[in-house]
Amino acid sequence: MTALGAFLPLFRIRQSLGAVQRFLEAQMTVTETAWGSSFEVPGQEVVDQQGSPVGVPLLVAVAVLVAGALITFVRPGPGRWLVAAGAVFAAGVVATVGMDGIGWSVSARGESLDVALAPGMWLLIGGTVTAAAAAVLTGLPHRRPGWADPAVAYADTPTPPSGVAITVLPPDEPGHPAGGRP
């Protein structure tokens, strides 16, 4: 989710230009990605501007998380720490990216500025929550499969595996009717 979010729009900012400009009631739309911004004004060509490449640390966080997941299958100890480090790093990067959107809102200074989260930012948030959940799950104690052995599972209880104690009657003696006594 984080890798995909790094390539989708993060924020869409709409600003009403109003009567001050040549366009009456025109709106400028700024689409911000992890790699830059694009400015769109109706009737004009779209202008792309390079920005700080926050997509690089996002992809580094994805690489650390994937490496941690793969190592966890081979050696759980070091893999747990790597998954936790990747989750914390991803949370820090996503929080930094989120501050950029808050910065747009704060810099409005009374102007008509509408800042909206785009699909990329929602994917980054979802990826960070998923990474945090993965870090918690990998940190849980590793359980041994010994509980599945019936001899171990029922060693301390008189209840049989079926859950019902079945009384077994002694076999009938030959020559006597079933259930009868001599």
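Residues take their numbers from the sequence shown, with the count starting at 1.
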* To do: Kindly give the heavy-atom pair with the smallest separation between Pro9 and Ala118, and that separation in Å.
  => O-CB, 3.0 Å
* To do: Indicate, with yes or no, if Leu58 and Leu10 share a hydrophobic cluster defined by side-chain heavy-atom contacts under 4.5 Å among Ile, Leu, Val, Met, Phe, Trp and Tyr.
  => yes
* To do: Write down the atom of Phe89, the atom of Val60, and the distance for their closest heavy-atom approach.
  => CE2-CG1, 3.9 Å
* Asked: Rounded to the nearest 0.5 Å, how far apart are CH2 of Trp35 and CG of Asp48?
  -> 15.0 Å
* Is Val64 close to Leu82 at the side-chain level, that is, under 4.5 Å between some pair of heavy atoms? -> yes
* Asked: Roughly how far, to the nearest 0.5 Å, is OG1 of Thr31 from CD of Glu40?
  -> 7.0 Å
* To do: Using the rule that two of Ile, Leu, Val, Met, Phe, Trp, Tyr join whenever any of their side-chain heavy atoms come within less than 4.5 Å, decide whether Val97 and Val115 are in one cluster.
  => yes
* To do: Return the set of residues passing side-chain contact (heavy atoms from CB on, under 4.5 Å) with Ala135 (not counting sequence neighbours), or none when no residue passes.
  => Val83, Ala84, Ala87
* Asked: So, for Leu65 and Ala131, which heavy atoms are closest and what is the spacing to 0.1 Å?
  -> CD1-CB, 3.8 Å
* Structure fact -> Residues passing the side-chain contact (heavy atoms from CB on, under 4.5 Å) test with Leu4, sequence neighbours excluded, are Leu8, Leu123
* Asked: Linking I/L/V/M/F/W/Y whenever their side-chain heavy atoms sit closer than 4.5 Å, directly or via other members, would Val62 and Leu70 fall into one cluster?
  -> yes
* Asked: Are Leu124 and Trp122 grouped together when hydrophobic residues (ILVMFWY) are joined by side-chain heavy atoms under 4.5 angstrom apart?
  -> yes
* Asked: What are the two closest non-hydrogen atoms of Thr2 and Thr128, and how far apart are they?
  -> OG1-N, 4.3 Å
* For Val129, what are the other residues in its hydrophobic cluster, where any two members join if their side-chain heavy atoms are less than 4.5 angstrom apart? -> none
* Asked: Could you state the interatomic distance from CD1 (Ile125) to CE (Met1), rounded to the nearest 0.5 Å?
  -> 9.5 Å
* To do: Could you please spell out the steps behind the side-chain contact (heavy atoms from CB on, under 4.5 Å) verdict for Thr33 and Phe7?
  => CA-CA 7 Å; Thr33 66; Phe7 295 101; over 6 Å; no
* Structure fact -> Distance col, row Phe39:CZ vs Ile13:CD1, nearest 0.5 angstrom, shows 8.0 Å
* Structure fact -> Distance col, row Met121:CE vs Arg12:CZ, nearest 0.5 angstrom, shows 14.5 Å
* **From Thr138 atom OG1 to Ile71 atom CD1, the distance as rounded to the nearest 0.5 Å** => 12.0 Å
